[in-house]
> 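Dropping a structure here in structure tokens format, bear with me for questions.
Residue numbering restarts at 1 for every chain, and letters A, B, ... go by the order of the sequence lines. Just so it is clear, the model here is predicted, and its values are computed rather than measured.
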Number of protein chains: 2
Amino acid sequence: MLTERQLSILKAIVDDYVTNAEPVGSRTISKRSDMSFSPATIRNEMSDLEEMGFLEKPHSSAGRIPSQKGYRYYVDHLLSPAQLSVNDMQDIRSQLAVKFHESEQIIQHSAKILSQLTSYTSIVLGPEVFESKLKQIQMIPISKDKAVCIVVTDSGHVENQTVQFPESVEAADVEKVVNILNEKLQGVPIYQLQSRLSQEIASVLKQHVNRYETMYSVLRDVFAEQKQEKVYYGGKTNILSQPEFHDVKRVRAILNLFEEDSLMSRQIRTDNTGLTIRIGEENDFKPFDDLSLVTATYTLGGKYIGTLGILGPTRMEYPRVISLLDHFSKDMSKLLNRSSD
Amino acid sequence: MLTERQLSILKAIVDDYVTNAEPVGSRTISKRSDMSFSPATIRNEMSDLEEMGFLEKPHSSAGRIPSQKGYRYYVDHLLSPAQLSVNDMQDIRSQLAVKFHESEQIIQHSAKILSQLTSYTSIVLGPEVFESKLKQIQMIPISKDKAVCIVVTDSGHVENQTVQFPESVEAADVEKVVNILNEKLQGVPIYQLQSRLSQEIASVLKQHVNRYETMYSVLRDVFAEQKQEKVYYGGKTNILSQPEFHDVKRVRAILNLFEEDSLMSRQIRTDNTGLTIRIGEENDFKPFDDLSLVTATYTLGGKYIGTLGILGPTRMEYPRVISLLDHFSKDMSKLLNRSSD
DNA sequence: GTTAGCACTCTGATATACCGAGTGCTAAAT
DNA sequence: ATTTAGCACTCGGTATATCAGAGTGCTAAC
């Protein structure tokens, strides 16, 4: 169990290190106005804190820096109640006040806002197309043997794909197929489309349509494409301004990661709604071993839609990021709800 | 006028510097098998070449490196006829052989291939949506007051946007409007949509449709969105492996540039079709002052569609990049032509 | 329990010497 | 008249030594 004084020292060290990115020494802490002990006393306490695993020394005659455990304790027990500046709140509000034509745009823009506000990198997961339901399918011919197949979901999301038919397929048949699909598949979740196609629709098509196999394989391809989920980034390079990224090789590694959407999305996703903080190795992902990730979820009608994430050094401004994300995710949920009824 | 010997020395220096990224000295050149003069002789020639502006010295006791003018001369007069390896050609062919559902995918993928093949960064401009013509407009209702507006072009490109109607607008009216639009605007180039809307369509709508102003403003918004052109990147971080990018600040600057699609597209675009090489300051763009950009255009039915660009250090493997781009742009044009008839 | 004092440790900056690669010039060789 | 060997000179980069500053840990005094 930590004493009152140890708590305040730990907090002071984290706060100082977060802003200055340099090991903090006993004198520095002792000089703070809210600290009324001599450096020597502080040193003793620091030594104890180190023994307990909350602090570590880069080398024997430097100051201390928080360990992962130190950050974790700080986040769990010491966080000053978040004080979002009026300025920030107005900023968020006005940024979100711009009118958007698509919820996709809102989400995309939110990544930018978050990165600007925090000067870390933000990673935002869009709604899972996957879970939304089919509204309508259309085939629009654009040349003799080609058409654009458009899939619209109930959330207003649109996927499209150019398909090619052998000459032998007749326009009338295509139309018939589309009609059947719309009749049978409306309201079906996107992720079920494929299995439904093969189970129910295949046989129906067989009965009513010429060139059944061709149509079937085209459709299967279209549905196979409908799976990916969107990942948006804001301030990809913000993270480079952190002193821990002065090595170009690290830079490259992390930047390349950012191109791997599916990998990132797996990394960002959380099961529980609400706020999650993962510090360093808690991410369970080597490239993030000295990074922290704070995520919040946003909702529509109380249902999970997507995740907002902030990625920064473990030495992160947790209080600010947390309150920012908390506030922002709520504002965003509100906005989405308003624009969708 | 340069002597035969000076030419071969210049060529040797460029070739050497391109591969080793280090100033090359007289001894190094003299040792080459195709060079039969002593270092001293080479030194004299180098000194002359420097005086003429083709070479420069990083400092008095280093070797020489090519100046911008040196590279330019090399590119214009000394390039060994491009020798694309069979390996590369096969690589290109097999990579392009994957079947794509959309020409957009081909283009996107081509950026990846080019960056892999060159280990520089590739920047590819997609077809100008702008120039293609309207095929069809659709409104698909997804809730009481919302609909997805879908714009399909003759090139198979699809843009979509969620729009919101006041409750008072009736479904029948929306349908009527869509019919009018399709009748009047089919075949109209995208960039003309806005003006045609205000000139011809506005009055027609006024006559036939209730709530004319609302519909009009919604449509205006939709058409206003149809302007951007797509920029694809491959190997954004490849450029970081160049020794000239060991400074994180430069890295950030260039990487941030890559996020500014419209800026980049302006920078990459060329008027003339065919191959263009811009070396360093020839780019007329400060951030590219020590980079070279090689571009080629690809076509459909002989008409300009887009641009393939390779961005690397001025110390670039010009012969390889040039022949690669030349070959690739032709292959790609062929592919597009084949898949679009 | 707290703190002053002091020896000790380690980093980072600065100065110095030195090696190697390369040049430019002169004089000899071809 | 070229070409080349020889040599003094220049400069960057590395290695080494030195030093100041910041910090710790311990002991002894308060």
> Please list, chain by chain and in numerical order, all residues satisfying side-chain hydrogen bond (donor to acceptor under 3.5 Å, both in side chains) with B:S329, sequence neighbours excluded.
none

> Can you tell me how the ring of B:F258 sits relative to the ring of B:Y233, calling it parallel under 30°, perpendicular over 60° and tilted otherwise?
tilted

> Would you please test A:S38 and A:T41 for side-chain hydrogen bond (donor to acceptor under 3.5 Å, both in side chains) and show each step?
CA-CA 5 Å; A:S38 76; A:T41 311; 3.2 Å; yes

> Does any residue of residues 1-13 of chain A have a heavy atom under 4.0 Å from DNA chain D, and if so, which ones, in number order?
none

> Side-chain N or O of B:T41 less than 4.0 angstrom from OP1 or OP2 on D:dT4?
yes

> Quickly work out the B:I42 CD1 to D:dT3 P distance and round it to whole Å.
11 Å

> Can you list everything that forms a side-chain hydrogen bond (donor to acceptor under 3.5 Å, both in side chains) with B:S85? Sequence neighbours excluded, please.
B:D88

> Going by the rule side-chain hydrogen bond (donor to acceptor under 3.5 Å, both in side chains), which residues pair with A:K330 if we only count those two or more places apart in sequence or in a different chain?
A:D326

> Kindly check if the number of other-residue, nucleotide or ligand heavy atoms within 6.0 Å of NZ (B:K31) is above 12?
yes

> Write down the atom of A:Q267, the atom of A:L293, and the distance for their closest heavy-atom approach.
O-CD2, 4.0 Å

> Apply side-chain hydrogen bond (donor to acceptor under 3.5 Å, both in side chains) to B:T307 and list each qualifying residue two or more places apart in sequence or on a separate chain.
B:Y304

> C:dG22 C1' sits how many Å from B:N20 CG, rounded?
16 Å

> I need the CD-P distance between B:E22 and D:dG13, as an integer number of Å.
10 Å

> Find the distance B:M35:CE to D:dT4:C1' and express it as a whole number of Å.
16 Å

> Over how many whole Å does the gap from B:I29 atom CD1 to C:dA21 atom P extend?
16 Å

> Once each nucleotide of nucleotides 21-28 of chain D is scored for protein heavy atoms under 4.0 Å, what B/S/- sequence comes out, 5' to 3'?
-BSBBB--

